[in-house]
Amino acid sequence: MRTQVGIIGAGPAGLTLSRLLHQNGIESVIVENRSRAYIEQRVRAGVLEQGSMDLFNSLGIGERMMREGMQHHGIELRFSETSHRIDFTQLTGKSIIIYGQQEMVKDLVAAHLQEARPLLFEASDVSLDRIDSPTPVINFQYQGQAQQLQCDYIAGCDGFHGISRQLMPAAQVYEHKFPFGWLGILAEVAPSSHELIYASHDRGFALHSMRSPKLVRNYLQCALDEDINNWSDDRIWNELQQRMALTDGFRLNEGRIIEKSVTSMRSFVVETMQHGNLFLAGDAAHIVPPTGAKGMNLALRDVVVLAKVLLDRYQSNNNSGLRQYSILCSRHVWKAQYFSVWMTSLLHRLDAQDDFQRKLQLTQLRAITESVAGSTAMAEGYVGL
Ligand code: RFL
Ligand code: PHB
C-alpha cells in the first residue's frame with residue numbers, strides 16, 4: 001500500500017487532519033488500533049471553542065453539531081456559596097459549543113467512510129520504520145495479514161499512550177503532575193443550569209457540565225489514587241451538592257449514574273514535535289489538565305497547521321513550513337498549557353491543610369470576578385483567543 005500521508009490514530013486529530021488534507025486533494029490512510037465502536041463510545045471532551053466549531057462547519061461536517069450542540073455564551077464561577085457569571089460574548093464577542101467528542105468522532109468517521117476513504121480499524125502491532133528517509137513506512141497487522149504502508153509523511157495522531165512519540169530521539173519533555181485527579185460521572189438527568197458551573201470549594205473543585213437536555217457530565221476533584229469503588233452514587237451526589245451549594249439553597253438535579261471514571265491530571269509537552277518525516281499532533285505531543293477544556297481544541301490547532309504546511313509542500317513544493325512545524329505550534333501549545341494550568345491552580349484545593357493559600361485563591365477569584373479586566377482575561381483564554 002502507498003499513500004501521501006499515513007496517519008496513526010482515528011481520534012479528533014487524525015480524523016480532522018485526514019479531512020483537511022482530502023479537501024485539498026492530498027491522499028491519506030488512517031491506521032487505528034481500536035474498533036470503530038470503541039472510539040465512537042469513549043466519553044471525553046465536551047467543550048468546543050468557536051474556532052473549532054467554525055472548523056467543523058468549514059469541513060462540511062457540522063450539521064448535527066449545529067442541531068444538537070448547545071451554544072453557551074459564558075460560564076458560571078462559584079465560590080464562597082456565591083455565583084459569578086463570566087459573559088464570554090459580552091467580553092470577547094465569542095461563544096463555545098457543548099458537543100461530545102465522541103459525537104464529533106462519529107460525524108468524522110461517517111463522512112470519511114461515506115467517501116470510501118481508507119480508515120483501517122483494529123490494526124495491531126503498529127510500528128514505524130525509516131522515518132528519517134524519504135520513504136517512511138507504517139507496518140501493522142490487518143485482518144490477519146502483515147501490511148506495509150509506504151508514505152511520504154507520517155502524522156503521529158495516536159494520543160498520549162501511542163507509539164509515535166517514542167520515536168523522537170532528541171525529544172525534550174516538559175512535565176508536571178498534579179497531586180489530585182478528577183472523578184467524572186455521566187448521569188441521566190436534566191442539567192441544573194444553562195451553562196457550565198466551575199466551583200471552587202474548601203472541600204475541593206467540582207464541575208457541572210452536560211451533554212444534552214437529558215444527560216449531565218459532572219466532575220469532582222478527588223485523590224490521585226482514588227478507588228472508584230469507594231464512591232457510591234449517594235456519596236457522589238452528596239459531595240457534588242456540598243461543593244455546588246449556594247446561600248439560596250440551590251440543589252443539583254440528581255439522576256441515574258451511567259458511567260463513572262477517575263482521570264489523572266497532568267501537563268506534558270514534548271519538543272520538538274517532528275523528526276525526519278514524522279510529525280506529532282494532538283495528545284501524542286501534549287497533554288493539558290482538563291480544567292480549561294482545551295485538549296481537543298489544541299489538537300485541532302495542531303492539525304490545521306500540519307495540513308497547511310503539507311499543502312505548501314505539495315502545492316508549491318515549499319518545504320520551509322514543514323521544517324518549522326514544531327516552532328509554528330509551540331506558541332499555541334504553551335498558551336493552552338498556561339491557561340489550563342492557571343485555571344487548575346485557581347479552582348482546585350491544592351493543599352487541604354494550607355489555609356493561607358486558600359485565602360489567596362479566594363482573593364484572586366474575587367479580583368477576577370469583580371473586575372472587567374480580570375473577567376476578560378479569563379474569557380479570552382477560555383474561548384481560545
Ligand atoms: P486521542 O483522542 O487520544 O486519539 C488517539 C487515537 O489513536 C489511537 N491509537 C493508536 N492507533 C494505532 N496504533 C497505535 N499504536 C495507537 N495508539 C493509540 C487511539 O485508539 C485513539 O483512537 O487523541 P487526539 O486525537 O490527539 O485528541 C485529543 C483529545 O482526545 C483530548 O485532548 C481531549 O479529550 C481532552 N479533553 C478535553 N478537550 C477539550 O478540548 N475540551 C474538553 O472539554 C475536554 N474535556 C478532555 C476532557 C479529556 C478528558 N480525559 C478523559 C483525559 C475531559 C476529560 C475527563
Ligand atoms: C466536559 O463536559 O466533559 C468538560 C467540560 C469542561 C471542562 C472539562 C470537561 O473543563
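Here the structure is a predicted model, which means the values were calculated and not measured. Counting from 1, the numbers follow the sequence of the chain as shown. Indexing begins at 1, ligand by ligand and atom by atom, following the structure's order.
- K294 contributes a side-chain N or O that, together with a main-chain N or O of Y382, makes up a donor-acceptor pair within less than 3.5 Å.
- Heavy atoms of N33 found under 4.0 angstrom from ligand 1 belong to the backbone as well as the side chain.
- Heavy-atom separations between E49 and ligand 1 are all 4.0 Å or longer.
- Distances from ligand 1 to the non-hydrogen atoms of Y219 include at least one value under 4.0 Å.
- Ligand 1 lies within reach of C157, whose nearest heavy atom is under 4.0 Å from it.
- Distance remark: protein heavy atom present below 4.0 angstrom from atom 14 (C) of ligand 1.
- By the 3.5 Å distance cut-off applied to N or O atoms, R44 is counted among the residues near ligand 1.
- Neither the backbone nor the side chain of M265 comes within contact range of ligand 1; no heavy atom lies under 4.0 Å.
- Within 4.0 Å of ligand 2, the residues that place a heavy atom are R44, G46, V47, W182, L196, Y198, L207, S209, R211, R217, Y219, P290, T291, A293, listed by chain and number.
- The closest protein non-hydrogen atom to atom 31 (C) of ligand 1 is D283 OD2, 3.3 Å.
- In terms of polar-atom proximity, T263 is not counted as a contact of ligand 1, lacking any N or O under 3.5 Å from an N or O of the ligand.
- At least one N or O atom of A293 sits closer than 3.5 Å to an N or O atom of ligand 1.
- Sparse packing is recorded around CD of Q114, with 12 or fewer heavy atoms of other residues, nucleotides or ligands lying under 6.0 Å away.
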